[in-house]
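Below you'll find the structure, written out as structure tokens, and then a few comments.
We use all heavy atoms of the structure for the numbers below, so side chains are in, but hydrogens, waters and symmetry mates are not. Because the structure is predicted, anything quoted here is derived from the model rather than measured.
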Amino acid sequence: MESVQATKQRFGIIGNDPTLNRAIEKAIQVAPTDISVLVTGESGVGKESIPKIIHSLSHRKHGKYIAVNCGAIPEGTIDSELFGHEKGAFTGATATRNGYFEVADGGTIFLDEVGELPLTTQVRLLRVLENGEFIKVGSSKVQKTNVRIVAATNVNMFDAIKKEKFREDLYYRLSTVEINLPPLRNRKEDIHLLFRKFASDFALKYKMPTIKLSDEAVAILLKFRWNGNIRQLRNVAEQISVLEQTREISADTLRHYLPSESSQLPAVISNTKSESDFSSEREILYKVLFDMKSDLNDLKKLTMELMKTGNASEVQKKNESLIDKIYGEVDDDTQEAYEDLEVLSIPEKPSDTYSDEPIETATDKYHFAEEIEEEETLSLHDKELELIKKSLERHGGKRKLAAAELGISERTLYRKIKQYDL
């Protein structure tokens, strides 16, 4: 069995981190078998090196090695790319085409960014893993293939499974052996070593002297978070090699090529949702309807008082807090509207000498309005009761806090508690 150090030299892998060495050791151990391997790690950590090691040290090393970036192939054509298609299978299919699984028969396929595969393609891939069978797009003939599948992803697979973006059975098929590559920020001793290697390579490529970092610059290099990992470090080394005239790089010069430190602070995001958050769309809709119903009832109350008294200024003064709750602060236009209402005459109640027909018509209209109100109450009664219960439970029975959350007054909440016998 080839040693870890010899494998690193053969494939140009730089670093002495124990986690990295363990990942390479696992790749060497599984290479002679046909076990499916899943390589995980952040973007830019060098996941593409592991499938090459596995293929070159396996009995398939004389077969084809095909690397497929699943995230770069459009969803509509990925089945055709992987499994092939028959002539006339879809618009533009002018000839029969062999897919990667047919071409790589007897070899190895590396599926990079496998977490980006559509669910329909995942079903086809699962069948290949189970019994080596696949069907071309537009064909009914089952074909056999003998390929070794090595997949890689920077996606958290358990989150993808939870969100139903990745099949759980496919994950366990792919991850018979899982190899995780550490991020560069966890390999502090390797950062300067990698930078010197990249600087030497670019000096040879562009035919110029090799850049060197001062001690202060090295300290900054080691403290930097490197969210882009090895790929980002390589790009920084190339930029400095090409753009800088002096070959001795100071700390100030290096800072110009690094993103601002503020962007390096990790964001603390809670995965748990607060019980008071109406995260469900249905909950939000019910909350809006509940608020609308509350405002409508307040408007009915104001209208009824205005009809009884006929004095808009008196109603405004008496229900000032209620008006502020519905409309906010009363502006000049609203004040003018109140003044206009004062000069309007409220119709008196019809006397007994009037005919019965207009009264019946008015009664019918109010009867229709009552029916609408009853249907609305029936449809929202249970949800209103549920929202009030939840709010009271969250705030330990404190009506003031619960009322503020529900957007109603404490007096209204007290009335509803009595109404629902809570």
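- In the displayed structure, K188 atom NZ is contacted under 6.0 Å by more than 12 heavy atoms of other residues, nucleotides or ligands.
- The environment of NZ in K144 is crowded: more than 12 heavy-atom neighbours from other residues, nucleotides or ligands sit within 6.0 Å.
- When atom types are taken as modelled, the side chain of K141 and the backbone of I135 share no donor-acceptor pair closer than 3.5 angstrom.
- For the atom pair S214 OG and D252 CG, the distance stands at 9.0 Å (nearest 0.5 Å).
- The backbone N or O of I53 sits less than 3.5 Å from a side-chain atom of S56, completing a donor-acceptor pair.
- When atom types are taken as modelled, the side chain of R148 and the backbone of I35 share a donor-acceptor pair closer than 3.5 angstrom.
- The main-chain N or O of V45 is never found under 3.5 Å from a side-chain atom of R231 such that the two would form a donor-acceptor pair.
- Within the structure, the ring-ring contact (aromatic ring centres under 6.0 Å, His included) test picks out no pair touching residues 180-219 (sequence neighbours left out).
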| Test log, rule side-chain contact (heavy atoms from CB on, under 4.5 Å), inputs L193 and I191 | CA-CA 5 Å; L193 192 63; I191 294 176; over 6 Å; no

| field | Derivation and outcome, side-chain contact (heavy atoms from CB on, under 4.5 Å), residues F166 and L174 | value | CA-CA 12 Å; F166 201 85; L174 287 173; 3.9 Å; yes

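- Counted by atom type alone, Y171 and Q122 present zero donor-acceptor pairs between their side chains at under 3.5 Å.
- Of the inter-residue distances, the one linking Y100 atom OH with E81 atom CD reads 4.0 Å to the nearest 0.5 angstrom.
- Using a cut-off of 4.0 Å between Lys/Arg side-chain N and Asp/Glu carboxylate O, E386 and K390 are scored as salt-bridged.
- In summary, E130 and R127 do not engage in a salt bridge, as defined by a charged side-chain N under 4.0 Å from a carboxylate O.
- Under 3.5 Å, the side chains of N21 and K8 contain a donor-acceptor pair of N or O atoms.
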Taking distance alone, no hydrogens or angles, what donor-acceptor pairs closer than 3.5 Å link side-chain atoms of residues 150-158 to residues at least two apart or in another chain?
unit_1	atom_1	unit_2	atom_2	d
T153	OG1	V155	N	3.0
N156	OD1	F158	N	3.2
N156	OD1	D159	N	3.3

Give every donor-acceptor pair under 3.5 Å between a side-chain atom in residues 107-118 and any protein atom, sequence neighbours left out.
unit_1	atom_1	unit_2	atom_2	d
T108	OG1	H55	ND1	2.8

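- Here the closest heavy-atom approach between residue L126 and residue D169 is recorded as CD2-OD2, 3.2 Å.
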| message | Let's go through S250 and T253 carefully: what are the C-alpha distance in whole Å and the side-chain angles of both, what is the deciding distance for side chain to side chain donor-acceptor pair (under 3.5 Å) to 0.1 Å, and is it a yes or a no? | response | CA-CA 5 Å; S250 65; T253 303; 3.0 Å; yes

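- Under a 3.5 Å cut-off, the side chain of T145 and the backbone N or O of F101 do form a donor-acceptor pair.
- Side-chain atoms of N229 and R234 include no donor-acceptor pair closer than 3.5 Å.
- Taken from CD in Q29 to CD1 in I179, the straight-line distance is 9.0 Å, to the nearest 0.5 Å.
- Checked for salt-bridge contact, D201 and K197 meet the test: a charged N lies under 4.0 Å from a carboxylate O.
- Judged by distance alone, with hydrogens and angles left aside, the side-chain atoms of T77 form no donor-acceptor pair with the main-chain N or O of S80 at under 3.5 Å.
- Look at E102 and K136 and you find a salt bridge, because one of the NZ, NE, NH1 or NH2 atoms lies within 4.0 Å of a carboxylate O, short of that distance.
- At a cut-off of 3.5 Å, with distance as the only test, a side-chain donor of R225 or N227 sits close to an acceptor on the other residue.
- Judged by distance alone, with hydrogens and angles left aside, the side-chain atoms of S175 form no donor-acceptor pair with the main-chain N or O of E178 at under 3.5 Å.
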| task | Apply side chain to side chain donor-acceptor pair (under 3.5 Å) to the pair N146 and R60, showing each step before the final yes or no. | result | CA-CA 10 Å; N146 179 21; R60 299 173 180 268; 2.8 Å; yes

| task | Begin from the C-alpha positions of N186 and D17 and carry the test side-chain contact (heavy atoms from CB on, under 4.5 Å) through to its verdict. | result | CA-CA 9 Å; N186 293 345; D17 183 75; 5.9 Å; no

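- Atom CG in L119 sits 10.0 Å away from atom CG in L170 (nearest 0.5 Å).
- Defined by atom type and a distance below 3.5 Å, a donor-acceptor pair is present between the side-chain atoms of D34 and H59.
- To the nearest 0.5 angstrom, R247 atom CZ is 11.5 Å from L213 atom CG.
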| request: Start with the C-alpha gap between L258 and L254, add the side-chain angles, then the distance that decides, and say whether side-chain contact (heavy atoms from CB on, under 4.5 Å) holds. | output: CA-CA 7 Å; L258 301 178; L254 179 61; 4.1 Å; yes

